[in-house]
Protein chains: 2
Amino acid sequence: MNFSSITIKDIASALNLSVSTVSKALRDSYEISEKTKALVNEYAKEHNYRPNPIAQSLKQGRSKSIGIIVSTIENQFFSQVINGIESVAYEAGFNVIITQTHESYDLEVKNVGHLTHRSIDGLLISLSTETADLDHLRSLHRQGLPIVFFDRVAHDFETHKVIADNFKGGYDATRHLLDSGYRRIAHITSPPNISITKERYAGYQKALEDAGMAVHPDYVKHCAHGGRDIGEVENALNELLALDEKPDAIFTTSDRITTTTLYLLNKRQLKIPQEMALIGYTNTTLADVLNPSLSSVYQPGFEMGQKATQKLLEIILAKRPIYDFETMVLPTQLFTRSSTAPKN
Amino acid sequence: MNFSSITIKDIASALNLSVSTVSKALRDSYEISEKTKALVNEYAKEHNYRPNPIAQSLKQGRSKSIGIIVSTIENQFFSQVINGIESVAYEAGFNVIITQTHESYDLEVKNVGHLTHRSIDGLLISLSTETADLDHLRSLHRQGLPIVFFDRVAHDFETHKVIADNFKGGYDATRHLLDSGYRRIAHITSPPNISITKERYAGYQKALEDAGMAVHPDYVKHCAHGGRDIGEVENALNELLALDEKPDAIFTTSDRITTTTLYLLNKRQLKIPQEMALIGYTNTTLADVLNPSLSSVYQPGFEMGQKATQKLLEIILAKRPIYDFETMVLPTQLFTRSSTAPKN
DNA sequence: TTGAAAGCGCTACCAG
DNA sequence: CTGGTAGCGCTTTCAA
């Protein structure tokens, strides 16, 4: 059932015109006289005519909708990205279909199928932590589906990408800990296969190196699902606290890992930052009112969504195939709060 | 462009059958021989045939998608609701289109237009704080669009509704403050026109009444946009703190108002709960690690999404019109934490 | 400047 | 049991 309005046919018969004339008049074709255009447009407005997008899609093979794949919208970073995406997409007359992987490769594949199946005109994707193989995207891309990666990207995939400056984020966070007097800096992070993990790790490593230190392998812990399950964070933390030389600070990546670590430290009644400093990636608006207020690396989620969508629309609306792809790197912001107050 | 697969026509010509035969075979019609069915299905599976949903929609007038309208997905309560919705919708082969009002009536009207325009089969909606008039929904509903309200509902609208037990939520929170020794209990809440505001207020009022007290009119403050803008919460708080007889506790509704109030109290360095206790509605998973840990009323968001979707699908899939509507009331949970520790 | 007709992929009616 | 055909609402040749 279509609840929206009358059809082009209704207008045609009401005005004693043919459907093709009406169609052309509505699309402001040069073939149609101004008089007829005026007549048609007036009638259309009066009767609140809206073209049926389903019919348009079928005819034109374009659906004016773009698909989004993220791990979960419950993560504030991603909901901010989505808001950015929507702001640009709606402006351009596109609507969006949001799907979630919950960090599962299988769900990602399923969502990709589901979306292409719904005839999307383009895809914005942040890979799941489990994703190693990209065949489900490559064949579509080869067939011409415009794809833009954001956040968690595949570097060996030729298309536009929009990411935060993860290296600098990792560097800044680690450097801040060093500057505040911490020396035994642990790192709890996502699986090493995804791009953001590597990039942030590289920043962490470089900051240590610049301070004349090396990464202590026991200090780096990976959570297979990016903190989706509290258990994986708990294990990581337990292992760190069981070390002979316990860390005096932790740098975490990802909202979930960060807030879960904070929760667990509080639960164990470890004093932050006296017994353990904490800085982590998070986009929660609550960083200021956490206990203690949380030093963090903030990513420009909204802007990332906007940029990614702009690049995607560029491809979708391009007259000819694009081979010249770009990787945009957006700056992150470091917020220093009580959880990393200077040592002693 | 359709990236998904071959068409029914391809199958027909490959197998030397007619499109109608293939169509029927795929739909397992009784008219078709088992042999042909097997042949067609095998070929279809082999070539990864998937029916084009756009064409199906156009033909059948159903799109197998449902529209969602919420104020903002950045609110954890709503993202949990959406997860619940998706879990049920996908199971039934429906996909969802999420839109946000950002508490604006105009955007709500626009989104309703946008969604019906995309030929949704049903609508799940939580009203914006600004919405007073329901004409944009009534006419659609009269035309047969299935609508289910959740969270913020319109009581004078005949359809299914799924809400939390807002009265009890308000009662429990207030009662808990009273039991903890607080007596001057203020209430910062959303505009009085939306359902949840009234219901929670009624609970607040009843709890006071049961304790032999009355609502102090100066203690009740409304935020026009449900806390969307920090200024409106700040004003409310300023007014409360300027009273001769300052409140000793605040009961807030809505995630945004709650967390903003916490932020502002911290910023003013008011000791919580000694100088001001705080309890509020929130679904954030961070309540435990806030400063101080925050007593809260938690709503079953995921479940609410599931139930609402089940009811919506009931209407959509019903053979005959439904006139017997139901309002489901789900229990809330009270979590008591440090922000309402017993007085003195 | 206007209109007739084909066709996007699918379903459904009716004939054989 | 199978197939031809019409038609969902729209766009787009091609003729008039």
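Just so it is clear: chains get the letters A, B, ... in the order the sequence lines come, proteins before strands, and each one is counted from 1. All of these numbers come straight from a predicted model, not from anything done at the bench.
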Euclidean distance, atom [atom1] of residue [X] to atom [atom2] of [N] [Å, nearest integer]:
X: B:I11; N: D:dG3; atom1: CD1; atom2: C1'; answer: 16 Å
X: B:K64; N: C:dG9; atom1: NZ; atom2: P; answer: 21 Å
X: B:I54; N: D:dT11; atom1: CD1; atom2: C1'; answer: 15 Å
X: A:I8; N: D:dG7; atom1: CD1; atom2: P; answer: 18 Å
X: B:L26; N: D:dG3; atom1: CG; atom2: P; answer: 14 Å
X: B:R50; N: C:dC10; atom1: CZ; atom2: P; answer: 12 Å

Note, B:M328 side chain near B:I163 side chain (heavy atom, < 4.5 Å):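 Contact flag for B:M328/B:I163 side chains = no.
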Flag side-chain contact, heavy atom, 4.5 Å: A:Q306 against A:S87: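 The answer is yes, as the side chains (C-beta and beyond) meet within the 4.5 Å cut-off.
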OP1 or OP2 of [N] sitting under 4.0 Å from any side-chain N/O of [X]?
X: A:R27; N: D:dC10; result: no
X: A:Y49; N: D:dG9; result: no
X: B:Q56; N: C:dG9; result: no
X: B:S23; N: C:dT11; result: yes

Summary of protein contacts for nucleotides 1-8 of chain C, nucleotide by nucleotide, where a base hit scores B, a sugar-phosphate-only hit scores S (4.0 Å, heavy atoms): BBBBB-BB
Nearest heavy atoms of A:R152 and A:S126, plus distance in Å: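 Closest approach of A:R152 to A:S126, heavy atoms only: CD-OG, 3.4 Å.
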Side-chain (A:N41) to main-chain (A:A38) donor-acceptor, under 3.5 angstrom: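 Judged by distance alone, no pair lies under 3.5 Å.
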Check ion pair B:K161-B:D151 (N to O, under 4.0 angstrom):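 Answer for the salt bridge query: no.
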Residues A:E42, A:K45: salt bridge by 4.0 Å N-O rule: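 No.
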